**Student:** 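Here you go, one structure.
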Amino acid sequence: KWYLKAAEQNHSSAQFNLGGIFCRGDGVDRNIIESIKWFRLAAEKNHAKAMFYLGLIYSRGDGVDQNIDQGLKWFIKCSEYNHIQAQYETGIIYFKGEEKYPQIKKNDKDALKYFYACIVPFE
């Protein structure tokens, strides 16, 4: 109830938490579409964890059709905030490329850039 009130007043942390509640089905029926709605609202306010979860949902096809392009978009945006897991996921997608994701061109240079960012996030 309180998360919903705060989320409706554009509090990004509340929007993120509400997205998580719907994603997990924590006290409510699991609803990925509703989860995406709240994660997206938080992500549009530069909430890095919300961006990461959107990347996971889309790249894995969790409750929605897999959309690696959308997943990669959110992982790259999240990586700009030095989110190590997003940098790693981005690196993996570029490293595997067409082998796993037919629409993504294998790019070792970008993969290494994101892997390196995981190790040295503050340079």
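Excluded from the calculations below are hydrogen atoms, water molecules and symmetry mates; all remaining heavy atoms, backbone and side chain alike, are included. In this chain, residues are counted from 1 in sequence order. Predicted, not measured: the structure shown is a model, and the values here were computed from it.
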**Student:** About how many Å separate CZ of Phe39 and CG of Leu54, when rounded to the nearest 0.5 Å?
**Tutor:** 7.0 Å
**Student:** Linking I/L/V/M/F/W/Y whenever their side-chain heavy atoms sit closer than 4.5 Å, directly or via other members, would Trp2 and Phe22 fall into one cluster?
**Tutor:** no
**Student:** Answer with yes or no whether the hydrophobic clustering places Leu56 together with Tyr81; edges join I, L, V, M, F, W, Y residues whose side-chain heavy atoms lie under 4.5 Å apart.
**Tutor:** yes
**Student:** Of all the heavy-atom pairs spanning Asn46 and Met51, show the shortest one and how long it is.
**Tutor:** CA-CE, 3.4 Å
**Student:** For a quick test of reading the model, state the closest non-hydrogen atom pair linking Ala7 to Trp38 and the distance between them.
**Tutor:** CB-CZ3, 3.5 Å
**Student:** Ignoring hydrogens and geometry, is there a side-chain-to-backbone donor-acceptor pair from Arg30 to Cys23 under 3.5 Å?
**Tutor:** yes
**Student:** Quick check for you: to the nearest 0.5 Å, what is the distance between Asn17 atom CG and Ser12 atom OG?
**Tutor:** 9.5 Å
**Student:** Should the heavy atoms of other residues, nucleotides or ligands under 6.0 Å from CG of Asp65 be counted, would the total exceed 12?
**Tutor:** no
**Student:** Say you draw a straight line from CG of Asp62 to OG of Ser35; how long is it, rounded to the nearest 0.5 Å?
**Tutor:** 8.5 Å
**Student:** Is Lys105 salt-bridged to Asp110, cutoff N-O under 4.0 Å?
**Tutor:** no
**Student:** Any side-chain to backbone donor/acceptor pair from His83 onto Ala86? Under 3.5 Å, distance only.
**Tutor:** yes
**Student:** Tell me whether the count of non-hydrogen atoms from other residues, nucleotides or ligands lying under 6.0 Å of NZ in Lys45 goes above 12.
**Tutor:** yes
**Student:** Spell out, yes or no, whether Ile57 and Val28 are grouped together once hydrophobic residues are joined by side-chain heavy atoms under 4.5 Å, including indirect joins.
**Tutor:** no
**Student:** So, does Gln66 use its side chain to make a donor-acceptor pair with the main chain of Ser59 at under 3.5 Å?
**Tutor:** yes
**Student:** When you measure from the centre of the six-membered ring of Phe95, is the NZ or CZ of Lys106 under 6.0 Å away and within 45° of the axis?
**Tutor:** yes
**Student:** Are the side chains of Asn82 and Gln87 in touch, meaning some heavy atoms are under 4.5 Å apart?
**Tutor:** yes
**Student:** For the residue pair Gln103 and Asp69, what are the closest heavy atoms and their distance?
**Tutor:** CG-OD1, 3.8 Å
**Student:** Minimum heavy-atom separation for Ala48 to Cys78, with atom names?
**Tutor:** O-SG, 3.2 Å
**Student:** Does Leu41 form a side chain to side chain contact (heavy atoms under 4.5 Å, CB included) with Asn10? I'd like the steps, not just the answer.
**Tutor:** CA-CA 8 Å; Leu41 287 168; Asn10 290 319; 5.7 Å; no
**Student:** Determine the minimum heavy-atom distance between Tyr88 and Cys118, stating which atoms define it.
**Tutor:** N-SG, 3.4 Å
**Student:** Indicate the atoms forming the closest heavy-atom contact of Tyr58 with Gln70, along with that distance.
**Tutor:** CG-CB, 3.7 Å
**Student:** When clusters are formed by joining ILVMFWY residues with side-chain heavy atoms under 4.5 Å apart, either directly or through shared neighbours, do Tyr101 and Phe115 land in the same one?
**Tutor:** no
**Student:** In terms of ring plane angle, is the pair Phe52 and Phe75 parallel, tilted or perpendicular, where the classes change at 30° and 60°?
**Tutor:** tilted
**Student:** Tell me, please, which residues at least two apart from Lys113 pass side chain to side chain donor-acceptor pair (under 3.5 Å).
**Tutor:** none
**Student:** Treat each ILVMFWY residue as a node, draw an edge where side-chain heavy atoms are under 4.5 Å apart, and state whether Ile76 and Tyr53 are in one component.
**Tutor:** yes
**Student:** Return the CD1 to CG distance between Ile36 and Asn31, rounded to the nearest 0.5 Å.
**Tutor:** 9.0 Å
**Student:** Once rounded to the nearest 0.5 Å, what's the spacing between atom CD1 of Ile119 and atom OH of Tyr114?
**Tutor:** 15.5 Å
